[in-house]
Every structure is written in structure tokens, then in C-alpha cells.
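Below is one structure, written out as C-alpha cells, with a few remarks after it.
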Amino acid sequence: MQQNFYEQVYEIVKLVPKGRVTTYGAIAKALGMARSSRLVGTAIIQAHDPNLKVPAHRVVNRNGLLTGKHHYQTPTQMQDLLEADGIEVKDDQVQNFKKVFWDPLTEL
DNA sequence: GTGTTGACCCCAA
DNA sequence: TTTGGGGCCAACA
């Protein structure tokens with residue numbers, strides 16, 4: 001199954017509904033690699049390919065902090081995309097994070 | 001093949 | 001509360 005675990009990560013992220021966000025740890029746990037949450041981040045970095053259509057902006061760290069915004073074309077890209085989805089972002093932090101948080105383990 | 005890095009997470013002080 | 005250290009495993013040099 002996990003021939004490309006990148007693809008597994010992409011699948012989960014693509015399942016994230018609009019107006020919701022998920023975390024690296026949640027994805028890692030959903031894939032059974034809870035202790036390898038860093039790999040999820042690495043996978044997301046490679047997810048910049050438009051062909052994959054992976055909404056990487058909907059993936060944040062455990063604190064709801066936009067850790068990867070600096071990896072975007074512009075530092076405001078990620079926040080802008082999140083706000084476009086109806087997610088409040090303040091000071092690189094997702095507001096109402098508990099509300100917009102989408103847990104693949106619970107929702108799936 | 002070895003060493004360093006990293007969109008992270010958890011625990012202790 | 002904020003800081004510091006350890007662990008985890010793939011990708012990169």
C-alpha cells in the first residue's frame with residue numbers, strides 16, 4: 001500500500017473540506033506513522049506540484065501555526081488562501097483552530 | 001555509505 | 001508560562 005507514502009498524504013489533504021484545516025500529526029497518525037510527522041511535512045513540500053492539486057495551505061502544525069508559509073511564493077500566499085477558504089488567520093495563527101480543525105481519524 | 005537537514009511532535013524543567 | 005532536549009525517518013549533499 002505505502003509504495004508512495006507521499007501519495008497517501010496527498011490523498012488525505014485532498015479530502016480536507018473547504019473551510020477546514022488539518023495537522024501534520026493527524027495525517028501521520030491516520031497513515032499509521034504517528035511518530036514520523038516530519039515526513040508528512042517533507043511530503044507536503046514536494047506537493048507544490050500543481051498536477052497534484054494538493055491544498056497544502058490547509059495543513060498546519062499542531063498549534064495551528066502556519067509554519068510553512070515561508071515556503072510559498074509569497075509569505076502572504078498561505079494566509080491569503082486560508083482566508084479565501086473562510087478560515088481566520090491572525091499573526092500566522094489559525095483562529096478558531098479547534099473549530100476549523102478537520103481530523104481524518106474522526107471525520108473519516 | 002555517512003552525515004546533516006527538516007511545512008513536526010512529545011516530554012521535562 | 002517559556003525553553004530546551006530527544007526522537008523519528010526520508011530526502012539531500
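For the numbers below, each heavy atom of this structure counts, side chains included, while hydrogens, waters and symmetry mates do not. In what follows, every chain begins at residue 1, and chains take the letters A, B, ... in the order their sequences are listed. Because the structure is predicted, anything quoted here is derived from the model rather than measured.
Atom OH of Tyr6(A) and atom C1' of dC9(C) are 11 Å apart (whole Å). Atoms CZ (Phe5(A)) and C1' (dC8(C)) sit 11 Å apart, rounded to a whole Å.
Taking every heavy atom of residues 97-108 of chain A and every atom of DNA chain B, no pair lies under 4.0 Å.
Nucleotides dA7(B) and dT3(C) place their C1' atoms 22 Å apart, quoted to the nearest Å.
Scored by the side-chain hydrogen bond (donor to acceptor under 3.5 Å, both in side chains) test, Asp103(A) finds Thr106(A) as partners (sequence neighbours excluded). Listed by chain and residue number, Glu11(A) satisfy the salt bridge (charged side-chain N to carboxylate O under 4.0 Å, His left out) test with Lys14(A) (two or more places apart in sequence, or in another chain). Listed by chain and number, the residues in a salt bridge (charged side-chain N to carboxylate O under 4.0 Å, His left out) with Glu88(A) amount to none (sequence neighbours excluded). Listed by chain and residue number, Asp92(A) satisfy the salt bridge (charged side-chain N to carboxylate O under 4.0 Å, His left out) test with Lys69(A) (two or more places apart in sequence, or in another chain).
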Show your reasoning for whether side-chain contact (heavy atoms from CB on, under 4.5 Å) applies to Met78(A) and Val60(A). CA-CA 10 Å; Met78(A) 189 173 187; Val60(A) 294; 4.2 Å; yes
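In terms of heavy atoms, His57(A) sits closest to Asp85(A) at NE2-OD2, 3.2 Å.
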Whether each nucleotide of nucleotides 7-13 of chain B has a protein heavy atom under 4.0 Å at its base (B), only at its sugar-phosphate (S) or at neither (-) is summarised, 5' to 3', as BBS----
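In this structure, Phe101(A) and Phe97(A) have tilted ring planes: the angle between them lies in the 30° to 60° band.
In summary, of the residues considered (Val21(A), Thr22(A), Val54(A)), a side-chain contact (heavy atoms from CB on, under 4.5 Å) with Val16(A) occurs for Thr22(A) alone.
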